[in-house]
Amino acid sequence: LRIAVLASGRGTNLKALMTAIDAGRLNARIVGVFSDRASAGALALAGEAAIAAVSLSPRNYDTRAAYDEALFSRIDDVQPDLIVCAGYMRLLSEHEVQARRGRMINIHPSLLPAFKGLHTHRQALDAGVATHGASVHFVTPELDGGPVIAQAGVPVLAGDDEQTLAARVLGREHPLLVDTVRLLADGRITLGSTGVQLDDVVL
Ligand code: GRF
């Protein structure tokens with residue numbers, strides 16, 4: 001499976017995929033890493049692993065549509081089977097998303113549909129929930145609104161702050177993302193007309 005990764009930050013989810021592939025735990029190949037931030041750690045990780053690393057600055061484009069057209073033109077150059085958004089902080093154009101329905105996933109640090117958008121750990125703490133976590137979902141034009149594929153839960157502990165809760169969630173994101181991409185690579189998960197199709201998968 002050819003994977004393109006979109007990331008804006010450190011890239012710990014990207015690293016988790018790279019590590020799993022290198023360890024023979026994921027039969028896939030990362031064919032490109034793309035970012036809106038030249039300083040993203042994810043690009044450095046890609047460079048160190050001789051993976052194509054591309055950053056496009058939104059400042060160089062007049063509209064979101066123009067930016068996304070340039071970005072997806074570069075993504076199409078590496079011909080991915082799957083696009084993984086992992087810590088990518090820009091909304092994707094409806095046109096580009098619809099054209100790749102079922103081939104784009106995102107990992108979001110909350111138990112969707114709860115706490116969409118940013119600062120999810122602050123949202124969880126403010127809401128006083130006992131359980132928080134992460135979700136992998138197919139990308140649709142609605143921000144963090146696509147069909148959920150898999151989730152991982154963590155307890156919210158007394159004394160937690162955003163940092164401690166984020167760290168606990170992040171630790172569960174990595175195996176969740178690897179396991180979900182493996183199911184996609186094995187063709188055992190698809191996005192059907194009525195939503196996520198699992199062929200008797202026990203997550
Ligand atoms: C993670 O919590 C991810 O879920 C969110 O961005 C955070 C950083 O991800 N989207 P990474 O360390 O850059 O992979």
Side-chain angles (χ1 to χ4, degrees), residues 3-22 25-26 28 30-49 51 53-56 58 71 75 80 82-92 97 104-127 129 131-157 160-182 184:
I3 299 171
V5 176
L6 275 59
S8 303
R10 295 158 300 184
T12 66
N13 278 291
L14 166 66
K15 183 67 177 167
L17 291 172
M18 293 166 66
T19 303
I21 291 168
D22 291 348
R25 289 188 286 109
L26 179 56
I30 298 171
V31 292
V33 175
F34 302 83
S35 185
D36 55 323
R37 299 182 195 170
S39 61
L43 291 174
L45 283 171
E48 289 158 17
I51 297 171
V54 175
S55 70
L56 295 180
L71 172 68
I75 292 172
L82 178 69
I83 298 171
V84 178
C85 299
Y88 185 66
M89 302 310 279
R90 280 175 58 86
L91 190 63
L92 294 167
V97 167
M104 288 181 70
I105 63 172
N106 179 48
I107 183 158
H108 177 77
S110 81
L111 292 178
L112 293 172
F115 313 138
K116 295 179 180 178
L118 300 174
H119 310 299
T120 62
H121 312 302
R122 170 50 46 210
Q123 291 187 61
L125 290 168
D126 290 349
V129 294
T131 305
H132 186 38
S135 306
V136 178
H137 64 92
F138 282 109
V139 174
T140 61
E142 183 200 346
L143 178 67
D144 302 327
V148 172
I149 301 171
Q151 300 185 300
V154 300
V156 179
L157 302 177
D160 264 337
D161 60 17
E162 270 185 89
Q163 285 66 38
T164 57
L165 188 52
R168 192 172 309 120
V169 170
L170 196 59
R172 294 296 308 278
E173 288 184 37
H174 299 154
L176 174 68
L177 182 60
V178 170
D179 291 347
T180 304
V181 171
R182 185 181 304 110
L184 287 159

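Here the structure is a predicted model, which means the values were calculated and not measured. Both counts, for ligands and for their atoms, begin at 1 and track the order of listing.
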What I want to know is whether [X] and ligand 1 share at least one N or O pair that is separated by under 3.5 angstrom.
X      : value
Leu14  : no
His121 : no
His108 : no

- [ ] Only one of Leu157, Thr120, Val156 passes side chain to side chain contact (heavy atoms under 4.5 Å, CB included) with Leu165; say which it is.
- [x]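 Only one option passes, and that is Val156.
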Taking only heavy atoms of [X] into account, list the atoms of ligand 1 that are under 4.0 Å away from them.
X      : answer
Arg10  : 7 (C), 8 (C), 9 (O), 12 (O), 13 (O)
Thr12  : 11 (P), 12 (O), 13 (O), 14 (O)
Gly87  : 5 (C), 6 (O), 10 (N)
Ile107 : 4 (O), 10 (N)

Task: Part of Glu173 with heavy atoms under 4.0 Å of ligand 1, whether side chain, backbone, both or neither - done: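 The part of Glu173 near ligand 1 is the side chain, not the backbone.
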Task: Residue, atom name and distance, where the atom is the protein heavy atom closest to atom 9 (O) of ligand 1 - done: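 Here the closest protein heavy atom is Asn13 ND2, 3.5 Å.
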TODO: Apply side chain to side chain contact (heavy atoms under 4.5 Å, CB included) to the pair Asp179 and Arg182, showing each step before the final yes or no.
DONE: CA-CA 5 Å; Asp179 291 347; Arg182 185 181 304 110; 3.0 Å; yes
- [ ] Consider ligand 1: state whether an atom of it lies below 4.0 angstrom from any non-hydrogen atom of Ala7.
- [x]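 No; Ala7 lies far enough from ligand 1 that no heavy-atom distance drops under 4.0 Å.
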- [ ] Evaluate the criterion side chain to side chain contact (heavy atoms under 4.5 Å, CB included) for residue pair Phe138 and Ile149; output intermediate values, then yes/no.
- [x] CA-CA 7 Å; Phe138 282 109; Ile149 301 171; 3.6 Å; yes
Open item on the list: Side chains of His137 and His108 only: does a donor on one sit below 3.5 Å from an acceptor on the other?
Closed with: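 Absent: no donor and acceptor within the cut-off.
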Task: Test item: side-chain donor near acceptor, Thr19 and Asp22, under 3.5 Å - done: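 No donor-acceptor contact under 3.5 Å links the two side chains.
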Task: Residues which pass side chain to side chain contact (heavy atoms under 4.5 Å, CB included) with Val97, listed by chain and number, not counting sequence neighbours - done: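 Residues passing side chain to side chain contact (heavy atoms under 4.5 Å, CB included) with Val97: Leu92, Val139, Pro141.
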